[in-house]
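For reference, the structure is listed below as structure tokens.
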Amino acid sequence: MDKAEVAAVLEEIAVLLELQGENPFRAGAYSKAGRTIAQLETNVEDLVAAGTLDQVPGIGETLRDKITTLVTTGKLPFYEELKAKTPPGLLQMLRLPGMGPKKIKALYDQLGIDDLPKLKAGCENGAVAKLKGFGEKTQKNILDGLAFLDQVGNRVRLDQAMLIAEAVIAELKKLPGIHRLEVCGSVRRRKETIRDIDILVSADAAGPIMDAFVKLPNVQKVIGHGETKSSVLLAGIDHHTTRILINADLRVVSAQQFPFALNYFTGSKEHNIRLRQRAIDYGYKLNEYDLAGCKKKIADEPDIYKALDLEYVPPELREDTGEIDAAANNKLPDLLEPKDIHGVFHNHTTWSDGSASLAQMADAARALGYDYLGIADHSQSLTVANGLSPERVRQQQKEMDAFNAKHAPLATRGRGAGGEGIRIFKGIECDILQDGSLDYTDDVLDTFDYVVASVHSYFNQTQEEMTARIIKAIQHPRVTMLGHATGRLLLKRDAYKVDLDAVLHAAAKAGTMIEINANPYRLDLDWIHCKRAKSLGVMLVINPDAHAPEELAFTRFGVDVARRGWLEKADVFNTRTLAQVAQEFERRKK
Ligand code: DGT
Ligand code: CA
Ligand code: ZN
């Protein structure tokens, strides 16, 4: 069991204890220990083995014993009992904004509310408002929250689903008798939100694997436990200690069936239907176990496509947007890969609302193998994010110049040349004001290597106003790229009203780039519009919008979006070398 898994269980215990009405200090100790463990520099297993766990600050005897049991046996009876005592519906209620364990416990104790439908009924008949500490306003907020949950269903973000999926995979991989194991479904296709995790295993005997799966530490509830398929509700904690609940299905097939099942359960359903139709045209019958009628040997998934005279279709493209036709005509794109990215441009430091210094961000960028890092802190009118006045812009740029003088890489160094070198590009995330003008005068804008222009205010404008506002910014000669194009926050806030097609046309005409915001909360531009942008000749750029060093790794999610949007290396600006980027910024300033 690794640190993240131990931390997740401890955080989970803290929530369960609070739901049980335990002393908040006791619950807090578990949550604090969880965070400490997650941040350990050593392996938790090593500490347990060395018997030095109780030397970690905040971990006393009780916690030491519990963590030891957990790490050595993979289970913790104390935790199991807590889970068994707590109705799973209470945990679902935690997904509502403003609902903490204390409120949930009050609802449960006083009104017997232990799931979302009962909560809805309690709000509708006014009982919730009458509870001490609730009132009409809270009741209304709960109803709004429930309506939103209805709308988004039980989906979670890709990054959250991947965290949970990876924890489960790590556990399953320890089991004997497994030949192959893949996560299929929307996770494999890298969709931005996920309803459930589909895991596929090939093994000689399914029974023992099923039995182990339903007993994994993160399992909250067993929904089905069958011979070849089981379903469970999994719980976990994401990077921001938000609780995640998600279903996972496990299917076990034979080695011979595996390629077909992998293909089928990866989907999408629409892609499957097209593929099955093509099989019929060849006189075959394709299902999740077989390509009946085909004499060719199918050892792995690509062989299925080959048997149907198709290029192999990467999972990200399997959305029935023309991929089968393209594969039949050898016209599939040569998709962008994570290793093609040489640097990123939209990142924040402590100069505005980031949590790390320029040097710390640069270290993290170097660790990812980047040759350059663009810093684009917030501009002056975004006071809530400590936006930079023109004077502070000057000061920050001095720091950047000093940094570059010290760490200047050779312009010709290749990727992975190692050493200290990294080049900082001087950017800004400049607010697009209400009327589409920019947040600095041109003489200030001239001091940046590049400008990311973003909307952070007046989200409620009409579509006409918003579209005109953004297009005006795109046409400004100093604007290099448009940041998070629609302002959406996945599963939280819809996009503002904007005619994206008009925006993309304007960007193509002005030569302004459009950002793929790789922050997994946004993933904005979405993949469908990436594809559209490419067809119009717009240059895309992938930015993590990092506010902390570890968030630079978000870039990976942007690459996923780009792949889903059929983008190749040449379509994405940050595949260019340091010298090319520097040259392009110079050219744009003329
Ligand atoms: P999700 O879970 O909503 O995020 O998206 P998926 O794509 O993972 O959907 P899911 O979990 O319902 O099913 C996994 C895959 O199984 C799906 O991508 C394709 C396949 N599949 C499911 N139902 C059908 C069906 O009725 N027909 C066909 N052809 N394939 C299906
Ligand atoms: Ca799924
Ligand atoms: Zn922003």
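As the structure is a computational prediction, the values presented were derived from the model and not from experiment. Ligands are counted one by one from 1 in listed order, and the atoms in each one are counted from 1 as well. All values below come from the heavy atoms of this structure, side chains included, with hydrogens, waters and symmetry mates left out.
- Atom numbering of ligand 1 starts at 1 in the shown order; those under 4.0 Å from a heavy atom of R155 are 1 (P), 3 (O), 4 (O).
- With the Ca ion (ligand 2) as the vertex, atom OD2 of D198 and atom OD1 of D196 span an angle of 100° (nearest 10 degrees).
- For atom 2 (O) of ligand 1, the nearest protein heavy atom (residue, atom name, distance) is D196 OD1, 3.0 Å.
- A distance-only check finds a donor-acceptor pair linking the side chain of K531 to the backbone of T321 [under 3.5 Å].
- Nearest to atom 5 (O) of ligand 1 by heavy-atom distance, out of A161, G267, C184, S186, is S186.
- Taking 4.0 Å as the cut-off between side-chain N and carboxylate O, D290 and K285 do not count as a salt-bridged pair.
- The ligand atoms of ligand 1 that sit less than 4.0 angstrom from a heavy atom of T266 are 18 (O).
- Among the candidates L233, L234, N247, the single residue satisfying the side-chain contact (heavy atoms from CB on, under 4.5 Å) test with Q220 is L233.
- Close approach to S268 involves these atoms of ligand 1, each under 4.0 Å from a residue heavy atom: 18 (O).
- Not a single N/O/S atom of D545, whether from backbone or side chain, sits less than 2.8 Å from the Zn ion (ligand 3).
- The closest donor-acceptor contact from the side chain of D524 to the backbone of T486 lies under 3.5 Å.
- The backbone N or O of T266 sits less than 3.5 Å from a side-chain atom of R189, completing a donor-acceptor pair.
- Here the protein heavy atom with the shortest distance to atom 10 (P) of ligand 1 is R195 NH2, 3.6 Å.
- Within the 3.5 Å criterion, the main-chain N or O of L433 finds a donor-acceptor partner in the side chain of R469.
- Counting the atoms of ligand 1 from 1 in the order shown, those under 4.0 Å from a heavy atom of I194 are 4 (O).
- Residue R276 has at least one heavy-atom neighbour below 4.0 Å for each of these atoms of ligand 1: 28 (C), 29 (N).
- Counting heavy atoms under 4.0 Å from ligand 1, residue K191 does not touch it at all.
- Among N272, D198, T193, L286, the residue whose heavy atom lies closest to atom 30 (N) of ligand 1 is N272.
- Atoms of ligand 1 found under 4.0 Å from any heavy atom of G185 (numbered from 1 in listed order, with element): 8 (O).
- Here the protein heavy atom with the shortest distance to atom 20 (C) of ligand 1 is Y264 O, 3.3 Å.
- Partner of R478 under the salt bridge (Lys or Arg N to Asp or Glu O under 4.0 Å) criterion, out of D446, D442, D449, D439: D446 alone.
- Among all non-hydrogen protein atoms, the one lying nearest atom 26 (O) of ligand 1 is K269 CE, 3.4 Å.
- In this structure, the side chain of R318 engages the main chain of V313 through a donor-acceptor pair within 3.5 Å.
- From the protein, the heavy atom lying nearest to atom 15 (C) of ligand 1 is F265 O, 3.3 Å.
- The Zn ion (ligand 3) has no N, O or S atom of H378 under 2.8 Å away, backbone or side chain.
- Enclosure of atom CD in E227 is not indicated, since only 12 or fewer non-hydrogen atoms of other residues, nucleotides or ligands lie within 6.0 angstrom.
- Although no hydrogens or angles enter the test, the distance criterion places no donor-acceptor pair under 3.5 Å between the side chain of N263 and the main chain of E301.
- The Zn ion (ligand 3) lies under 2.8 Å from an N, O or S atom belonging to H484.
- Here is the list of ligand 1 atoms found below 4.0 Å of a heavy atom in R189: 7 (O), 18 (O).
- Closest N/O/S atom of E429 to the Zn ion (ligand 3): OE2.
- For R274 and E270, the salt-bridge test fails: no basic side-chain N is under 4.0 Å from an acidic carboxylate O.
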Report task. Step by step, work out the ring-ring contact (aromatic ring centres under 6.0 Å, His included) result for Y289 and Y264. Result -> CA-CA 9 Å; Y289 305 116; Y264 181 89; 8.3 Å; no
